[in-house]
Amino acid sequence: MDIGEILDREGLHLASNDKRILAYIIDDIIISSIIFIAFYGQIMSLNSDIKALQQFFAQLIPYIILLAIAYHTIFTALYGGSIGKILCKIKVVRIDTIDKPSYLQSFYRAFIRVISANLLFYIPLLFIFVDSFRRAFHDIVIKTIVIDISIPQDI
């Protein structure tokens, strides 16, 4: 059974690209805020030295990546999506079960999402504009889709 048939059978609606982008922005703001709060003292002490500040942020990159992977893994496994997705009323579901991904699937999805976005300059995220089911690269690999839960689902 293909994805279109599953969506029709279950009465589900795909999340719009606008909602997905807004959720992504919200999540990036949350992760950036956590990093800023955690390292506020060091950031403020280097504030007048731009070169030292750049070096400090370069050293933070592994921590930012680990935080982003943990954040997306935990929220997707527990709630079917990050805080950004929850606020936008969209949800990640597995294609085969129409349920949220397991912890392992959520980890793989988050890992692919964060690493590919950072190493490949967000190009894998652009798949949502060309895939007929609005899946990013990490959705295609892990076999998930993002649905809109604000729209009443057919019963």
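Side-chain atoms are counted along with the backbone in the values below, which use heavy atoms only and exclude waters and symmetry mates.
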Are there more than 12 heavy atoms of other residues, nucleotides or ligands under 6.0 Å from atom [atom1] of [X]?
{"X": "Phe36", "atom1": "CZ", "answer": "yes"}
{"X": "Tyr24", "atom1": "OH", "answer": "yes"}
{"X": "Tyr63", "atom1": "OH", "answer": "no"}

Test side-chain contact (heavy atoms from CB on, under 4.5 Å) on Phe137 and Leu120 and set out the steps. CA-CA 11 Å; Phe137 179 71; Leu120 301 174; over 6 Å; no
Could you go through the side-chain contact (heavy atoms from CB on, under 4.5 Å) check for Leu126 and Tyr122 one step at a time? CA-CA 7 Å; Leu126 298 176; Tyr122 297 94; 5.7 Å; no
Is the closest basic N to carboxylate O distance between Asp148 and Lys19 below 4.0 Å? yes
Is there a chain of hydrophobic side chains (I, L, V, M, F, W, Y, each step under 4.5 Å between heavy atoms) that links [X] to [Y]?
{"X": "Val146", "Y": "Ile74", "answer": "no"}
{"X": "Tyr40", "Y": "Ile43", "answer": "yes"}
{"X": "Tyr79", "Y": "Leu87", "answer": "yes"}
{"X": "Ile86", "Y": "Ile34", "answer": "yes"}
{"X": "Leu53", "Y": "Met44", "answer": "yes"}

Once ring-ring contact (aromatic ring centres under 6.0 Å, His included) is applied, do any residues pair with Phe121, and if so which ones, sequence neighbours excluded? none
Is the shortest heavy-atom distance from the side chain of [X] to the side chain of [Y] under 4.5 Å?
{"X": "Arg109", "Y": "Thr144", "result": "yes"}
{"X": "Val93", "Y": "Ile145", "result": "yes"}
{"X": "Phe133", "Y": "Ile140", "result": "no"}
{"X": "Pro101", "Y": "Val92", "result": "yes"}
{"X": "Ile98", "Y": "Leu12", "result": "yes"}
{"X": "Arg20", "Y": "Ile90", "result": "yes"}

Measure the spacing between [atom1] of [X] and [atom2] of [Y] and express it to the nearest 0.5 Å.
{"X": "Leu7", "Y": "Asp2", "atom1": "CG", "atom2": "CG", "result": "8.5 Å"}
{"X": "Leu125", "Y": "Ser116", "atom1": "CG", "atom2": "OG", "result": "6.0 Å"}
{"X": "Leu67", "Y": "Leu60", "atom1": "CG", "atom2": "CG", "result": "11.0 Å"}
{"X": "Ile26", "Y": "Ile31", "atom1": "CD1", "atom2": "CD1", "result": "12.0 Å"}
{"X": "Ser82", "Y": "Ile30", "atom1": "OG", "atom2": "CD1", "result": "7.0 Å"}
{"X": "Ile6", "Y": "Arg94", "atom1": "CD1", "atom2": "CZ", "result": "11.5 Å"}

Can you tell me how the ring of Phe56 sits relative to the ring of Phe39, calling it parallel under 30°, perpendicular over 60° and tilted otherwise? perpendicular
Between Ser33 and Ile29, is a side-chain contact (heavy atoms from CB on, under 4.5 Å) present by the stated rule, with each step listed? CA-CA 6 Å; Ser33 297; Ile29 290 170; 4.1 Å; yes
Using side-chain contact (heavy atoms from CB on, under 4.5 Å), reason through Leu22 and Asp18 one step at a time and then give a plain yes or no. CA-CA 6 Å; Leu22 179 58; Asp18 292 345; over 6 Å; no
Mind checking salt bridge (charged side-chain N to carboxylate O under 4.0 Å, His left out) for Asp28 and listing every partner two or more places apart, or none if nothing turns up? none
Closest heavy-atom contact between [X] and [Y]?
{"X": "Pro62", "Y": "Gln59", "answer": "CD-O, 3.4 Å"}
{"X": "Phe107", "Y": "Thr73", "answer": "CA-OG1, 3.3 Å"}
{"X": "Cys88", "Y": "Ala23", "answer": "SG-N, 3.7 Å"}

Any side-chain to backbone donor/acceptor pair from [X] onto [Y]? Under 3.5 Å, distance only.
{"X": "Asp131", "Y": "Phe127", "answer": "no"}
{"X": "Asp139", "Y": "Ala136", "answer": "yes"}
{"X": "Gln105", "Y": "Ser102", "answer": "yes"}
{"X": "Arg134", "Y": "Ala15", "answer": "yes"}

Donor-acceptor pair between His72 and Arg113 side chains, under 3.5 angstrom: yes
Between Gln42 and Ser45: side-chain donor-acceptor atoms closer than 3.5 Å: no
Between Tyr71 and Phe75, does the ring centroid distance fall short of 6.0 Å? yes
